[in-house]
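In what follows, a single structure is set out as structure tokens and then discussed.
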2 protein chains.
Amino acid sequence: MTIDNQKRAAMTQQLRFLAQADDPFSRHFFEKAVFTTLNKGQYVCHEGSSCSHLAIMLNGTARVYKLGENGKEITLYRVDPGESCVLTASCILSEVPFPAIAVCETAVEAVVIPAGDVQKWLSESITWRNYIFGLVATRLTNIINVVEDVAFRRMDKRIAEHLYKRTDRTSHLLLATHQEIASELGTSREVVSRILKEFELEAIIRVTRGSIELLDPEKLDRRRCEI
Amino acid sequence: MTIDNQKRAAMTQQLRFLAQADDPFSRHFFEKAVFTTLNKGQYVCHEGSSCSHLAIMLNGTARVYKLGENGKEITLYRVDPGESCVLTASCILSEVPFPAIAVCETAVEAVVIPAGDVQKWLSESITWRNYIFGLVATRLTNIINVVEDVAFRRMDKRIAEHLYKRTDRTSHLLLATHQEIASELGTSREVVSRILKEFELEAIIRVTRGSIELLDPEKLDRRRCEI
DNA sequence: AACCCCTGTGTGACTTAGTCACAGACATCG
DNA sequence: CGATGTCTGTGACTAAGTCACACAGGGGTT
């Protein structure tokens, strides 16, 4: 899909590395970038697939997760607007197969860059280089934090953390099943159910089918931070 | 420390990306590279430190691990000869603080490159770019495998795997305390002791103070692979 | 309404893993 | 030899994960 002026303005807004309009890189970028939309639930990368394009998110979010042999899942990170799936990026650049699964959590708008140009621009543009390496470093840090979480923190703290981060600030609601939360954290549904019940008894939340209402954010915050 | 011809030959041997002698990059590399040695047990990067240099390993190994609040550790990956600490690399390039700890497991010989040149060569040399991105991709994959391990696999399988991988092939010995194995896998010493005892009862290994003798590699392999 | 069906949740019993406290066992060095 | 520090073993307990199954809520359908 070609990129009209309206989309172009929106993208310049969204992608900070395009801000320097004088940079010839921006011109190259718009020459090669292709606008795409994806539906909610659509898979972007499969485990072990090699990547021929780099997608940069404009709107929506994607979840990158690892699937265990027993069918359990754990979220590694999310790709939010302005970001990109660096796993893809580094797989492009080194031709290592992609070690996880990426799926759209919402409807998604993105621009897609062919692998060759991703490579080429690295040698031509410091802006692009900084963008890519910034992503790599933050992802590495993300994933290392996941390791730390899984290896060292207790389940109730991790669930508290998750509720704290992902509950809607205005409605105080989190729309998610216990199974979804379990898949987020790499545990099992029963464990989530039990701990949520605990929190409910402490009057921190109210649990209903498919949604959780946050009653006492402060108490949750305390629960989350204690060791 | 300057690099004499002998070292230079050894390095060309060790670092595959220097193999193309006609590449002007090799010349730049030897102009800027500084040879260093480090002692066993010496710390290379501290948590949260920013990195001003990239070290490339010539001889020896370093262990990169995460330290939990409760004092437990878990190994993220090792840096072996020819490799480099990409965490360092990506922290250099994006100025994100280093989120883990690196320590020399043996005496180490390495070459050190100033951050500025690491950057500069990325735009100049495709060889260098491929080297760096190859490292990034394999590390990401490494760490994701650690996540998978910790989140989904049972402790006895993980310990079996560890013994299998790190026991000396000729002596059939692994010189390590239970505490060291625990720190490797992010668990506690008692758990390791108990599972090793199990393996000993199954006549797979023989446990002595500070070392483990592998008696039945096949049985261990089976143990490791079952779900 | 009464029914069915699907998805989501609750629960008890059991296994595995992690924690805590403390007892021994071994090695080395004066 | 005893003293000391490191390494390992053990029991009792808590936390987390597994398994089997019961039950609840909320559409549709008849």
Side-chain angles (χ1 to χ4, degrees), chain A residues 41 67-74 147-163 173-202 205-213 223-224 226-227, chain B residues 41 66-74 146-163 173-202 205-213 223-224 226-227:
Chain A
L67 190 61
E69 320 163 38
N70 43 13
K72 278 207 291 189
E73 299 177 4
I74 185 166
V147 173
E148 186 182 13
D149 244 46
V150 177
F152 303 135
R153 294 185 71 200
R154 294 181 32 153
M155 210 58 224
D156 54 346
K157 310 305 171 197
R158 294 178 61 207
I159 291 179
E161 176 92 26
H162 184 255
L163 296 180
L173 281 179
L174 173 60
L175 300 175
T177 65
H178 300 181
Q179 180 57 65
E180 282 165 353
I181 298 174
S183 295
E184 194 67 27
L185 302 176
T187 181
S188 56
R189 203 250 322 150
E190 298 90 317
V191 173
V192 173
S193 289
R194 277 196 270 264
I195 293 179
L196 288 179
K197 177 112 294 188
E198 251 181 63
F199 288 175
E200 194 167 36
L201 290 175
E202 296 176 38
I205 57 174
R206 209 160 60 87
V207 177
T208 55
R209 189 186 174 85
S211 87
I212 296 163
E213 187 188 355
R223 205 76 160 67
R224 173 179 78 98
E226 293 160 1
I227 302 160
Chain B
K66 184 83 191 173
L67 191 59
E69 320 163 41
N70 43 15
K72 278 207 291 187
E73 300 178 2
I74 185 167
V146 174
V147 173
E148 186 182 12
D149 244 45
V150 178
F152 304 135
R153 294 186 71 201
R154 297 181 31 155
M155 208 59 225
D156 55 344
K157 310 304 170 197
R158 294 178 61 207
I159 292 179
E161 175 92 26
H162 184 253
L163 296 180
L173 281 179
L174 172 60
L175 299 176
T177 66
H178 301 179
Q179 181 57 64
E180 283 165 352
I181 297 173
S183 295
E184 193 68 27
L185 302 176
T187 183
S188 56
R189 204 252 320 152
E190 297 91 318
V191 173
V192 173
S193 289
R194 277 196 271 265
I195 292 179
L196 288 180
K197 179 111 294 189
E198 253 181 61
F199 288 174
E200 193 166 36
L201 290 176
E202 297 177 36
I205 56 174
R206 210 161 59 90
V207 178
T208 56
R209 188 186 174 86
S211 86
I212 296 163
E213 186 188 356
R223 205 74 161 70
R224 173 179 78 98
E226 291 161 4
I227 302 160

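Below, read A as the first sequence line, B as the second, and so on, with proteins coming before strands; counting in each chain starts at 1.
Listed by residue number, B:S188, B:E190, B:V191, B:R194 are the residues of residues 188-202 of chain B with a heavy-atom contact under 4.0 Å to DNA chain C.
Rounded to whole Å, atom P of D:dT8 lies 13 Å from atom CD1 of B:I159. Atom CG of A:L175 and atom P of C:dT9 are 12 Å apart (whole Å). For the pair B:R158 CZ and C:dG18 P, the interatomic distance rounds to 8 Å; values are reported in whole Å. Atom-to-atom, CE of B:M155 to P of C:dT19 comes out at 11 Å; the value is rounded to the nearest Å. Going from atom CD of A:E180 over to atom C1' of C:dG8 covers 11 Å, rounded to whole Å. Look at CZ on B:F152: it is 10 Å from P on D:dT18, rounded to the nearest Å. Here C:dT16 presents its P atom at 16 Å from CZ of B:R153, a figure rounded to the nearest Å. Put simply, CD1 on A:I181 is 17 Å from C1' on D:dG17, counting in whole angstrom units.
The backbone N or O of B:L67 lies less than 3.5 Å from no partner atom in the side chain of B:E73, so there is not a single donor-acceptor pair. Checking side-chain atoms of A:R158 against main-chain N and O of A:L185 turns up a donor-acceptor pair under 3.5 Å. Within the 3.5 Å criterion, the main-chain N or O of A:I205 finds no donor-acceptor partner in the side chain of A:E200.
If you check every strand for non-hydrogen atoms under 4.0 Å, A:S211 touches nothing. At the heavy-atom level, B:K157 lies nowhere under 4.0 Å from the strands shown.
Look at B:K157 and B:E226 and you find a salt bridge, because one of the NZ, NE, NH1 or NH2 atoms lies within 4.0 Å of a carboxylate O, short of that distance. Here B:K197 does not pair with B:E202 in a salt bridge; the nearest charged N to carboxylate O distance is not below 4.0 Å.
Between A:K72 and D:dG17, a side-chain N or O to OP1/OP2 separation shorter than 4.0 Å is absent. At least one side-chain nitrogen or oxygen of B:R154 sits closer than 4.0 Å to the OP1 or OP2 atom of C:dT16.
Mapping B:H178 and A:G186 onto DNA chain D via the closest heavy atom, the residue that lands nearer the 5' end is B:H178. Nearer the 5' end of DNA chain C, as judged by each residue's closest nucleotide, is the contact made by A:Q179, out of B:R209 and A:Q179.
Heavy-atom neighbours of A:R224 CZ from other residues, nucleotides or ligands within 6.0 Å: above the threshold of 12.
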Legend entry - Verdict with reasoning, B:E198 to B:R223, per salt bridge (charged side-chain N to carboxylate O under 4.0 Å, His left out): CA-CA 12 Å; B:E198 253 181 61; B:R223 205 74 161 70; 3.1 Å; yes
